[in-house]
Novice: 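Here it is, the structure, as structure tokens.
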Amino acid sequence: MKVLRYIIPGILFGIVMTKSEAVSWFRIQEMFRFESFHMYGIIGTAVILAAIMVFLIKRRRVKNLDGNEIKFNPKSMSIPRYLFGGIIFGMGWATTGACPGPMFTLVGHGVWTILIVIVSATIGTYAYGALRSKLPH
């Protein structure tokens with residue numbers, strides 16, 4: 001029964017990704033070629049919604065499922081770090097036609113080749129974790 005609290009939001013997220021066409025390789029390529037506002041509208045809506053939710057979580061001191069207050073850790077704004085990370089992320093997104101959220105939705109659609117991307121992203125994440133202490137801050 002506890003697994004439903006993860007399954008139901010995941011299914012709803014998949015439906016939203018599909019209906020908004022955020023899983024469409026064509027829509028993603030359109031965005032990177034600056035041919036359509038569609039994906040920028042989706043991303044902009046997500047950023048605005050996230051900002052409102054973070055504001056409300058902080059203001060109302062919302063608790064997580066374990067009953068602990070949700071805390072946001074401050075981040076240092078190291079420009080080179082975010083610049084290089086954003087470039088790598090964007091190149092992967094443009095090359096594969098999928099960012100992390102829609103990747104799993106595509107598996108649900110039966111696009112099995114996306115499993116190569118998921119495995120590669122997992123290896124990259126592991127490599128970053130292993131090398132993080134050796135990277136410039």
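Keep in mind that what you see is a predicted model, and the values were worked out from it rather than measured.
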Novice: Is Met91 isolated, or which residues cluster with it under the ILVMFWY side-chain rule of less than 4.5 Å, directly or via members?
Specialist: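 ILVMFWY cluster around Met91 also holds Leu83, Ile87.
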Novice: Are any side-chain N or O atoms of Asp66 and backbone N or O atoms of Asn68, one a donor and one an acceptor, separated by less than 3.5 Å?
Specialist: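 No: the side chain of Asp66 does not pair with the backbone of Asn68.
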Novice: Taking only residues two or more places apart in sequence, or in another chain, which ones meet Ile48 in a side-chain contact (heavy atoms from CB on, under 4.5 Å)?
Specialist: Ile52
Novice: So, the side chain of Gln29 versus the backbone of Ala94: is there a donor-acceptor pair under 3.5 Å, distance only?
Specialist: yes
Novice: List the residues meeting side-chain contact (heavy atoms from CB on, under 4.5 Å) with Pro80, not counting sequence neighbours, and say none if there are none.
Specialist: Ser78, Phe84
Novice: Considering residues at least two apart in sequence or located in another chain, which fulfil the salt bridge (charged side-chain N to carboxylate O under 4.0 Å, His left out) criterion with Glu35?
Specialist: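 For Glu35 there are no salt bridge (charged side-chain N to carboxylate O under 4.0 Å, His left out) partners, ignoring immediate neighbours.
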Novice: Pairs of donor and acceptor atoms involving the side chains of residues 100-117, under 3.5 Å and at least two apart or interchain, shall be tabulated with distances.
Specialist:
unit_1 : atom_1 : unit_2 : atom_2 : d
His109 : NE2    : Thr18  : OG1    : 2.8
Trp112 : NE1    : Gly110 : O      : 3.4

Novice: So does Arg5 have more than 12 non-hydrogen atoms from other groups sitting under 6.0 Å from CZ?
Specialist: yes
Novice: When clusters are formed from ILVMFWY side-chain contacts under 4.5 Å, directly or step by step, what else is grouped with Val119?
Specialist: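 Direct or chained contacts put Val119 with Ile123.
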Novice: Just to verify, what does Glu21 make a side chain to side chain donor-acceptor pair (under 3.5 Å) with, not counting sequence neighbours?
Specialist: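 Checked Glu21 against side chain to side chain donor-acceptor pair (under 3.5 Å); matches are Arg27.
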Novice: With sequence neighbours left out, what residues match Leu12 under side-chain contact (heavy atoms from CB on, under 4.5 Å)?
Specialist: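 Listed in chain order: Ile8.
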Novice: Mind checking whether Ile43 and Ile28 sit in one hydrophobic cluster, side chains of I, L, V, M, F, W, Y counted as touching below 4.5 Å?
Specialist: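 Yes, one cluster joins them.
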Novice: Which residue pairs pass the ring pair (Phe, Tyr, Trp, His ring centres under 6.0 Å) test when at least one of the two sits in residues 27-60, sequence neighbours left out?
Specialist: Phe32-Trp93
Novice: Checking one residue: Tyr126. Which other hydrophobic residues are in its cluster under the side-chain 4.5 Å linking rule?
Specialist: none
Novice: Between Ile42 and Phe89, is there a shared hydrophobic cluster once you connect ILVMFWY residues whose side-chain heavy atoms come closer than 4.5 Å?
Specialist: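 Linked within one cluster.
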Novice: What pairs of residues pass the ring pair (Phe, Tyr, Trp, His ring centres under 6.0 Å) test when at least one of them lies in residues 6-30, not counting sequence neighbours?
Specialist: none
Novice: Once you round to the nearest 0.5 Å, how far does CD1 of Ile70 lie from CZ of Arg60?
Specialist: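 CZ of Arg60 is found 13.0 Å from CD1 of Ile70.
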Novice: For Val54, check side-chain contact (heavy atoms from CB on, under 4.5 Å) against everything at least two apart and list the hits.
Specialist: Lys58, Phe72
